[in-house]
> 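One structure coming up, written as structure tokens, with questions to follow.
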Protein chains: 2
Amino acid sequence: MKRIPTIEDVARKASLSISTVSLVINNKKNVSDKTREKVKKAIDELGYHPHRGARGLASSLTGNIGFILSHDHFSLAEPFYTKIFLGAEFAARDLNYYVLLTTVSGQKRPKNGIPRFLLERNVDGIIIAGKVSEQLVTSIEQFDIPIVLIDYTFPRKDLSNVCIDNTGGVRLAVRHLVEQGYTDIGFVGGDLEHPSIRERLSAYRATLEESGLPVDEKIISTGEADTGHENGFSAIARMHKGNRLPAAIFAANDAMAIGCMQYLKSVSQRIPEDVAVVGFDDIEMSSHVEPGLTTVRVFKEEMGKLGVKRLVEMIKSKTNTIVSVRVPVQFMVRESTVVQHLPDEGLRAAPAGAIY
Amino acid sequence: MKRIPTIEDVARKASLSISTVSLVINNKKNVSDKTREKVKKAIDELGYHPHRGARGLASSLTGNIGFILSHDHFSLAEPFYTKIFLGAEFAARDLNYYVLLTTVSGQKRPKNGIPRFLLERNVDGIIIAGKVSEQLVTSIEQFDIPIVLIDYTFPRKDLSNVCIDNTGGVRLAVRHLVEQGYTDIGFVGGDLEHPSIRERLSAYRATLEESGLPVDEKIISTGEADTGHENGFSAIARMHKGNRLPAAIFAANDAMAIGCMQYLKSVSQRIPEDVAVVGFDDIEMSSHVEPGLTTVRVFKEEMGKLGVKRLVEMIKSKTNTIVSVRVPVQFMVRESTVVQHLPDEGLRAAPAGAIY
DNA sequence: GTGAAAGCGCTAACAT
DNA sequence: ATGTTAGCGCTTTCAC
């Protein structure tokens, strides 16, 4: 195959030194316009592209971003974090970075769990999406590399992060139920270790109180192990068997909301006539279930993009100012909370609002 | 932060030269057992990891794999290719590679469209998933780097590939319909440029003939621009308006099958009592629509894994033997083709059969 | 079996 | 404003 031109070929062709060429490549000042043009011309004619690895060695900047996901999240059928990753990938490409993805198991001691791209110095910064152990983050911090968390925070660790406006979203959801005339509104949560779930629970409580409605612990379920739809199913089943089925349910995410709907259907409760259901996240499936699930849309790709943008700023500026970005949400009214029927579109088209 | 140990530190600690250390790191022969142990001990004690970039510079092996996806595929709501990517990523990690993802637009001239990781020599091999232009592949071939195609092939270009057993899958699907007593079976296809769709169409024709059934061009729709569910909707609508609604439909993928179901519901045709529907792919949604869609499951993650495995073999062996892998499929019977009712599970759990 | 030395392609002082 | 030079951390001949 054709020989790949190096910086030396460019220098020779332009009758200049390689350092001058390097200055041009890196857009440094102190190069005369004439020289700059000459170099650019040579680069063009040769079809030259700087070698990533060599650049990295010399500058200790790899042009890569590490993306860490807990294995649990990765295996979820619902591509919530996959969407975040894709958004990150998209923004990274725009900024001329590549994203190296890896997953970590939630359990193992972090010592063996340090991602290879860190050990091998193959990334300039780290994005962590979703829940990971504090230990892992502590050991990553040793590497003295910018870190941005997406959809997670630590109580005792201040790190740049991109999070959902959970409080605002819950407020929209609960107020919507109140406006529809519901006063008996239950909560189905899951793993309270996740700060998003915690925030959603307290916002639920706060909004009920703001609205002058009672908070009844009998219709608040939080003991579940995770946030899959089975938990929604079992949580509302428990309320039902305890003869305390609320008139409306706010579930802390769509998966659990769909689990609730599943149970309600199985016991022939009509949605929303007998029980209204609201979720959170707006996962793909929520617009496809019947009735369509009213929920709070989270802009997942956008979160990934924001995370990368912030990370790249940190990498380039070489400062570690902590920045917390709170991403706004959008309330999506569908049929699971509104008795009057919308025109039947059958299976709805893919949700609008692609971010790109 | 703590200084990162280099190969020199290891050599010093083991009282050996860096070249000997390098031999051990790379598992080369001609090193005495005693020396090998000494080096390993030093590596352990220092917590040494070779620097990716430096290795790459010296050996011209980056440890990265490039993954190319057409932008169209990437933006699809349905994560068919996303699944393939995730499978690839998983296998790559196992083999100590990282995957660099990029998308290419289907249209643009490939000259500007050559992925950056190729220009910058940042990958050791390339995976291409789905349909891309032949031009693009031709220009990638210039880089003299192993290539594996996933779910695509070119008539005039012999490249290693991992493809679906389309013929086998269609045969299962159509025979199933025949066994259920259907004799009037239509076909809804899409973009015939994709070899998978072409194969599915010819297998459909062949299976009908094998079964002694007539092939009626009036209930074969192939003119559509792509393979989204709108095409399924419009294709079957056209048959219906032409007074030639078949008793069963084989759609070339699940998205179009779901589009068919959507239309059938909108004109109050019962599924499967009035019209049975079979799809292909087994996308997530197919087990969630009502009735559940009978379809041919494609092991998407598995395809990604196989692609990477093959690619890494090619990289390591430095030979370019063409290998075509045909991945078997699995037939999934659900309610869209079987009149007798299965017990109602409400919304079914996530499809079984995770690959990992 | 082990070591010395060259060099992969580039950046970054430092000189000029 | 441009050139010289010394590495970055490793692999890889080639001696010994």
Side-chain angles (χ1 to χ4, degrees), chain A residues 3-40 42-43 46-64 96 117-124 316 318, chain B residues 3-40 42-43 46-64 96 117-124 316 318:
Chain A
R3 214 180 75 76
I4 301 137
T6 72
I7 197 171
E8 224 182 306
D9 299 319
V10 178
R12 198 173 308 124
K13 180 139 197 159
S15 314
L16 287 161
S17 72
I18 61 165
S19 36
T20 306
V21 175
S22 175
L23 292 177
V24 173
I25 292 169
N26 294 290
N27 274 317
K28 308 261 172 163
K29 58 201 83 173
N30 286 337
V31 182
S32 75
D33 285 1
K34 199 189 288 176
T35 306
R36 199 178 288 277
E37 284 318 309
K38 215 161 51 171
V39 171
K40 282 192 172 155
I43 287 177
L46 289 170
Y48 165 77
H49 289 268
H51 186 289
R52 212 358 125 197
R55 272 184 120 160
L57 233 202
S59 69
S60 62
L61 280 181
T62 63
N64 296 330
N96 273 345
F117 51 53
L118 271 169
L119 299 172
E120 296 179 346
R121 304 276 137 179
N122 206 6
V123 293
D124 302 336
K316 294 215 163 133
K318 284 164 186 166
Chain B
R3 217 179 73 76
I4 301 137
T6 73
I7 196 172
E8 223 182 305
D9 299 320
V10 177
R12 199 173 309 124
K13 179 140 199 160
S15 312
L16 287 163
S17 73
I18 61 165
S19 30
T20 305
V21 175
S22 176
L23 291 178
V24 173
I25 292 169
N26 294 291
N27 274 316
K28 306 261 172 167
K29 62 199 81 173
N30 285 337
V31 181
S32 75
D33 285 1
K34 198 188 289 177
T35 306
R36 200 177 289 277
E37 285 318 308
K38 214 160 53 171
V39 172
K40 283 190 171 157
I43 288 178
L46 289 169
Y48 166 77
H49 288 268
H51 186 290
R52 218 347 130 201
R55 277 185 115 160
L57 233 204
S59 69
S60 62
L61 279 181
T62 63
N64 296 329
N96 273 345
F117 52 53
L118 271 169
L119 298 172
E120 296 179 346
R121 305 277 139 178
N122 205 6
V123 293
D124 301 336
K316 294 218 162 131
K318 284 165 184 165

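These figures come from a predicted structure and were not determined experimentally. Residue numbers start from 1 in every chain, and the chains themselves are labelled A, B, ... in the order their sequence lines are given, proteins ahead of strands.
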> Check the distance between dT2(D)'s P and Lys38(A)'s NZ and give it to me in whole angstrom.
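Atom NZ in Lys38(A) sits about 8 Å away from atom P in dT2(D).
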> Between Asn122(A) and Thr62(A), does any side-chain donor sit less than 3.5 Å from a side-chain acceptor?
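On atom types as modelled, these side chains do not qualify, holding no pair under 3.5 Å.
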> Side chains of Arg52(A) and Asn64(B): is there a donor and an acceptor less than 3.5 Å apart?
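No.
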> Decide whether Ser22(A) and Ser19(A) meet the rule of one side-chain donor and one side-chain acceptor closer than 3.5 Å.
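There is no such pair (donor and acceptor under 3.5 Å, judged by atom type) between the side chains of Ser22(A) and Ser19(A).
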> Drop me the distance from Lys38(B)'s NZ to Ser15(B)'s OG, to the nearest 0.5 angstrom.
6.0 Å
> Classify every nucleotide of nucleotides 7-16 of chain D by which part a protein heavy atom approaches to under 4.0 Å, writing B for the base, S for the sugar-phosphate alone and - for neither, in 5'-to-3' order.
BBBBBB----
> Which distance, rounded to the nearest 0.5 Å, do you find between the CZ of Arg55(B) and the CD1 of Ile7(B)?
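Taking CZ in Arg55(B) and CD1 in Ile7(B), the distance rounds to 9.0 Å.
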> Are Ser17(B) and dG3(C) close enough that a side-chain N or O sits under 4.0 Å from OP1 or OP2?
yes
> Taking any heavy-atom pair under 4.0 Å as a contact, classify Thr35(A): base, sugar-phosphate, or nothing.
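Since only primed, P, OP1 and OP2 atoms lie under 4.0 Å of Thr35(A), the category is sugar-phosphate.
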> What is the distance from NZ of Lys34(B) to P of dG1(C), rounded to the nearest Å?
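Rounded to the whole Å, the gap is 13 Å.
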> About how many Å separate CG of Asp9(A) and CD1 of Ile4(A), when rounded to the nearest 0.5 Å?
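The distance works out to 10.5 Å.
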> Specify the separation, in whole Å, of atom CG of Asn122(B) and atom C1' of dG9(C).
13 Å
> Between Asn30(A) (CG) and dT11(C) (P), how many Å, whole number?
17 Å
